[in-house]
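Notes follow the structure.
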Protein chains: 4
Amino acid sequence: MSWDINRVVLVGRLARDPEIKYTPSNTAVARFTLAVGGKQKNDGTDSVSFLPIVVWGKTAETCKQYLSKGKMVAVDGRLEQRSWKGQDGSPRSTIEIVAERVEFLGGASGPGKTADIRSEVPDMAAAPDFYYDNTETAIDFNPVNPEDPNF
Amino acid sequence: MSWDINRVVLVGRLARDPEIKYTPSNTAVARFTLAVGGKQKNDGTDSVSFLPIVVWGKTAETCKQYLSKGKMVAVDGRLEQRSWKGQDGSPRSTIEIVAERVEFLGGASGPGKTADIRSEVPDMAAAPDFYYDNTETAIDFNPVNPEDPNF
Amino acid sequence: MSWDINRVVLVGRLARDPEIKYTPSNTAVARFTLAVGGKQKNDGTDSVSFLPIVVWGKTAETCKQYLSKGKMVAVDGRLEQRSWKGQDGSPRSTIEIVAERVEFLGGASGPGKTADIRSEVPDMAAAPDFYYDNTETAIDFNPVNPEDPNF
Amino acid sequence: MSWDINRVVLVGRLARDPEIKYTPSNTAVARFTLAVGGKQKNDGTDSVSFLPIVVWGKTAETCKQYLSKGKMVAVDGRLEQRSWKGQDGSPRSTIEIVAERVEFLGGASGPGKTADIRSEVPDMAAAPDFYYDNTETAIDFNPVNPEDPNF
DNA sequence: TTTT
DNA sequence: TTTT
């Protein structure tokens with residue numbers, strides 16, 4: 001009821017191949033890291049940001065199929081914070097970009113193909129809930145190492 | 001030379017009062033947490049994201065002056081990932097929203113006032129570099145507890 | 001197949017009350033003009049932009065119900081160009097912001113209510129097609145005066 | 001003093017070569033039309049939007065130098081409405097995207113180069129004012145044919 | 001852990 | 001640690 005405006009648009013390159021997993025209800029979820037070129041710092045250092053992208057549903061499968069490390073994409077999505085308890089019981093959280101649209105820009109196959117999430121994921125609303133569950137399957141489904149900031 | 005497109009726009013409420021600090025070169029930097037209303041989850045849970053906002057320069061001071069917990073703002077900025085070494089030497093990183101513009105929307109004083117960062121911070125480019133330094137002052141300048149996901 | 005990234009986020013005030021109409025297939029479409037404060041010009045003039053917003057479906061009805069001249073909103077949507085033939089047969093076109101989400105910010109009722117378009121408009125895809133038709137109804141449905149900059 | 005949030009991000013292809021002109025104070029201004037792929041309409045028609053992009057200053061010159069018809073770019077900027085009197089004295093207006101950043105994505109030379117507008121155009125604030133003047137030079141500087149939807 |  |  002309180003859906004605030006929350007919009008992110010990024011252009012960058014995949015820092016690694018997308019990984020895909022499936023929820024128990026069989027919704028696909030892909031993850032990859034996007035390297036987004038930041039402001040050149042005045043000490044000559046390059047300041048790239050490595051940002052975690054999450055994609056749900058059919059779009060996830062399209063990403064898995066067509067994208068790989070080094071490919072350039074544009075992402076249109078939302079910022080989401082996810083909280084969990086660390087192994088020592090302490091509260092932890094990460095921020096992720098949940099992509100609603102991914103436009104493929106780079107590589108040999110050429111630009112122009114866009115994967116869109118709208119109306120492709122009937123059970124998408126359900127999936128995230130499970131995702132946060134602490135069931136065994138969910139754990140397996142969770143980030144391999146949620147402590148790792150770069151996951 | 002490779003400044004990728006990187007844009008974030010959020011509307012939400014301050015989850016706490018802004019904190020302001022100054023770099024050695026006397027540039028102001030304010031921080032606050034923005035509560036952004038997420039998608040209502042189907043288990044009835046509210047899914048709010050708490051997102052860390054960073055503001056530099058004169059805009060930071062305007063934010064400190066006019067904003068407080070509960071106020072509503074719109075933020076226009078960029079996503080940045082910041083990396084550092086944890087106390088145990090392990091690599092850690094956070095994602096922050098570096099606000100370029102903050103529009104004040106809520107509260108008694110009414111909406112309409114916008115704090116803009118452009119051309120207000122001559123030494124803004126310099127400041128972030130120091131910010132990442134490992135000098136004592138820098139450490140003091142760093143987040144009190146960089147391990148805290150909600151900082 | 002070639003859905004390019006196309007994203008607009010605006011905060012401003014309604015320059016006039018929303019108008020609502022219905023397509024033959026009974027999809028609601030609301031229109032209003034958003035006054036968005038531009039860059040202060042150096043001759044002291046205020047440079048406000050008056051931007052045409054289009055909203056489809058249930059969101060349109062929510063806008064009609066809650067919004068009126070002077071209210072503040074945040075709009076998240078897409079840019080669309082619409083072409084037509086003028087009365088003299090010459091080609092004409094306008095650019096509109098098709099809002100996917102409208103967040104109510106201003107007024108007595110307070111902020112926090114967001115109207116969202118996603119999955120609310122089953123026949124939304126069909127509606128625009130009719131909109132571009134040259135049937136009599138469609139003409140009546142078109143802007144009363146497409147030359148009017150404030151339309 | 002009332003700079004509302006106003007943000008546009010687009011990915012598309014140049015529908016024609018950029019044109020460059022200079023204001024009397026010698027600030028460069030480039031214009032091109034961006035073809036942005038819209039939603040596939042259900043009658044099989046392709047619904048592309050042709051959107052007018054304006055770029056100021058050094059970025060304008062970089063665009064003129066590197067971009068041409070067919071090249072792919074990402075644009076990050078603001079929406080602006082410009083009003084003028086038609087030849088018959090009637091009020092007219094257009095909406096333009098004033099690009100603050102243009103990222104070059106397509107073509108043989110490959111992606112990765114971004115033209116940025118920030119702090120490159122000292123007299124940028126002055127230039128737009130002239131642009132709206134009714135002097136002879138300004139008229140020559142205005143769109144050759146403001147009625148042309150593809151301008 | 002990282003992309004060009 | 002959290003806003004309405």
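The chains referred to below are lettered A, B, ... by the order of the sequence lines, with proteins before strands, and numbering in each begins at 1.
In this structure, of dT1(F), dT3(E), dT2(E), it is dT2(E) that holds the atom nearest to the side chain of T33(A). Taking every side-chain heavy atom of V48(A) into account, dT3(E) is the closest of dT1(F), dT2(E), dT3(E). When each of dT1(F), dT3(F), dT2(E) is scored by its nearest atom to the side-chain atoms of A15(B), the top-ranked nucleotide is dT3(F). Distance from the side chain of A35(B) is smallest for dT3(F) among the nucleotides dT1(F), dT3(F), dT1(E).
Residue F50(B) and nucleotide dT3(F) are not classified as a stacked aromatic pair, given the requirement of ring centres less than 5.5 Å apart at an interplanar angle below 30°.
Taking atom CH2 of W84(B) as the reference point, atom C1' of dT1(E) lies 16 Å away to the nearest angstrom. For the pair K69(A) NZ and dT1(E) C1', the computed distance is 8 Å after rounding to whole Å. Rounded to a whole Å, the CG atom of L34(A) is 11 Å from the C1' atom of dT2(E). Protein atom CD of E103(D) is 11 Å distant from nucleotide atom C1' of dT4(E), rounded to whole Å. In this structure, I95(B) places its CD1 atom 14 Å from C1' of dT2(E), rounding to the nearest Å. The distance from atom CG of L105(A) to atom P of dT3(E) is 19 Å, rounded to the nearest whole Å. Taking atom CZ on R82(B) and atom P on dT2(E), their separation rounds to 19 Å, with Å as the unit. Rounded to whole angstrom, the span from the CG atom of L79(B) across to the C1' atom of dT3(E) amounts to 17 Å.
Side chain of E103(D) to main chain of A74(D): no donor-acceptor pair is present (N/O by atom type, distance under 3.5 Å, no hydrogens or angles). Side-chain atoms of R13(C) come within 3.5 Å of backbone atoms of G70(C) as a donor-acceptor pair (strictly under, hydrogens ignored). Without hydrogens or angle criteria, D17(B) side chain to S68(B) main chain gives no donor-acceptor distance under 3.5 Å.
Minimum heavy-atom separation, A35(D) to D4(C): O-OD2, 3.9 Å.
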Verdict with reasoning, T94(B) to R82(B), per side chain to side chain donor-acceptor pair (under 3.5 Å) = CA-CA 5 Å; T94(B) 347; R82(B) 212 174 77 230; 4.6 Å; no
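Using a 4.0 Å heavy-atom distance criterion, G12(B) is classed as making no nucleic acid contact.
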